[in-house]
Amino acid sequence: MISVPDHLAAALREALAGVASPDEMPAAAINACQDPRFGDYQSNTAMPLAKKLGKPPREVAGRILERLKVDDLCEKVEIAGAGFLNFRLKPSFIANQLKAMAEDPRNGIRPAAAPRRMVIDFSSPNIAKAMHVGHIRSTFLGDALARLARAVGHTVITDNHLGDWGTQFGKLIYGYKKMLNPQALAANPVAEFERLYKEAHALSEKDETILTAVRQELANLQAGDAENLRIWKDIASQSLQQFDRAYQRLGVSFDHTLGESFYNPMLKEVVDELLQLGLAEKSQGAACIFFRDNPALKDAAPMIIQKADGAALYATTDLATVLYRVREWKTDEILYVTDARQQLHFKQLFAAVEKWFASKPSAGQWRPPVLRHVVFGSILGPDKRPIKTRSGESIKLEDLLDEAESRALQIVTEKNPALSGDEKRHAARVIGLGALKYADLCQNRNLDYLFDWNKLLALQGNTAPYLIYAYVRIRSIFRSAGTAVQPPSSGFELNTPEEWVLARHLIRFSDTLHEVLEDCRPHLLAAYLYDLACKFSRFYEACPVLKEAEPLRSQRLALCEIAARTLKTGLNLMGIETLEKM
Ligand code: ARG
């Protein structure tokens, strides 16, 4: 399959070369048309160019049109409105694309023109603490992006950058030594660690001698005391085992789980180098990076990379982490998937890395990676504030997953009481967890969204249950058909408007994935799939399939097949499974 937008953009660039000089040349923008009455694709390129040339936009559009060579793809190109160019694809071209998609085991997914080595840093909870909603969103988004990026041929390295180091370990170790409840530990280690921390914290607030003892535990850990290291490792490994159970349930995996502690041996070297290069400076005993020449950052507090007592910080670790990922993994891009509260941190980190890599003694040896903060908003509860449990605590991931499955089990049982117990439980898991992931991924990640069980589990609307159900229905057509599906060897000959609408949509699947990755926006894929399910259902209402005579029957079955495959592939790319029965 060829990429229509890429192909049209190339043709447009060529036409523009005859109309504009190189320094007047606007970007050859091609967008999919939302309204099919205007055609399949649209370009507004004539407008900015007309402004530069001081000519009426429709006249400029006309001059572009004269030079535009797109007959291989388009039946016509029209000038519309203020100077838009509207492209309408040739039916024969659409049919050919559809055939190519049907015959392609990759469902028409085109590899990226320039594959990258990409680290995706996501989930990254803090040990000895339950994952909060922010980590849950990060987990869903990061996993989906990793799957999508791999699908188009990028080399993806996933890394769970655990928060496993910091001053909280003084209190934790103190609590572990004095107050550990072995039964509670066995039942729910992370909850027990949270309790230990809270109690040690409360005690140290009240009692000066305990505060001193807590500080001593931290100092001992940092100095490499064997007993404290053992306790710290135990806390880390028990926390991780608990996180891993959730990851397994969710089908999420990581290539690496290098916590912050992993970078400890590099921190001194990093701070020294930044001081030596003059990028960091001492201020009141601390080592800081100021961004005086950066308009966006000059008024914020500086980035502290070493406290006056010599301790390193979150930012120091992140600097070392970039260096490690470039040095060891040869990465050329890093995505950080965290909530919006860390925006300043990442802006400073990215600005610091840029200066650092440009002036490193070995600059030129490694290219600085492209750094992107894939930021997201909050999940809101019914009171429109960040979601909490009824008692005002933060929601625990495991509770959320349990509730999703048990609510889905009710729905499955009502819908299809004939399924066996195992089948019901399996369906409930796929639907419940799928609904939870989808509710998150179908939202524009920059926005907050309202969490609502009834909405996300609804069998109608833009939900995972609706899409999974749409898939199940198509699969049941094949069970009734009893025959294997072959794409028509002579090519598709579509005739009804519903078939055309469906076909036009299907052939945009690969483009949609590329569009998603441009700015890390899985909700565009969700919107595509929902649209697909709606268009399929209109097709299926209007066009008989099994009752149709050959060769139409086979052709329509082939359309069903591509639609099912696309739904399944698309959902899987968001980390969502499908069912054969429901
Ligand atoms: N552990 C951090 C938190 O819970 C997230 C880490 C994100 N990744 C990073 N390289 N800073 O907020």
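Just follow the structure's listing: the first ligand is 1, and inside any ligand the first atom is 1.
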NZ/NE/NH1/NH2 to OD/OE distance under 4.0 Å, R150 and D255:
yes
What about F350 and Y336, are their ring centers closer than 6.0 Å?
yes
Between D511 and R110, does any NZ, NE, NH1 or NH2 come within less than 4.0 Å of an OD or OE carboxylate oxygen?
yes
Say you draw a straight line from NZ of K437 to CG of L250; how long is it, rounded to the nearest 0.5 Å?
5.0 Å
Ligand 1: which protein N/O atoms lie under 3.5 Å from its N/O atoms?
from     : atom 1 : to   : atom 2 : distance (Å)
ligand 1 : 1 (N)  : S124 : O      : 2.9
ligand 1 : 1 (N)  : N126 : OD1    : 2.8
ligand 1 : 4 (O)  : N126 : OD1    : 3.4
ligand 1 : 4 (O)  : N126 : ND2    : 3.1
ligand 1 : 4 (O)  : H135 : NE2    : 2.7
ligand 1 : 8 (N)  : D121 : OD1    : 3.0
ligand 1 : 10 (N) : D121 : OD2    : 2.8
ligand 1 : 10 (N) : D318 : OD1    : 2.8
ligand 1 : 11 (N) : Y314 : OH     : 2.7
ligand 1 : 11 (N) : D318 : OD1    : 3.4
ligand 1 : 11 (N) : D318 : OD2    : 2.8
ligand 1 : 12 (O) : Q342 : NE2    : 2.7

Any Lys/Arg nitrogen of R230 or D234 sitting under 4.0 Å from an Asp/Glu carboxylate oxygen of the other?
no
Any carboxylate oxygen within less than 4.0 angstrom of a Lys/Arg side-chain nitrogen, looking at K198 and E393?
no
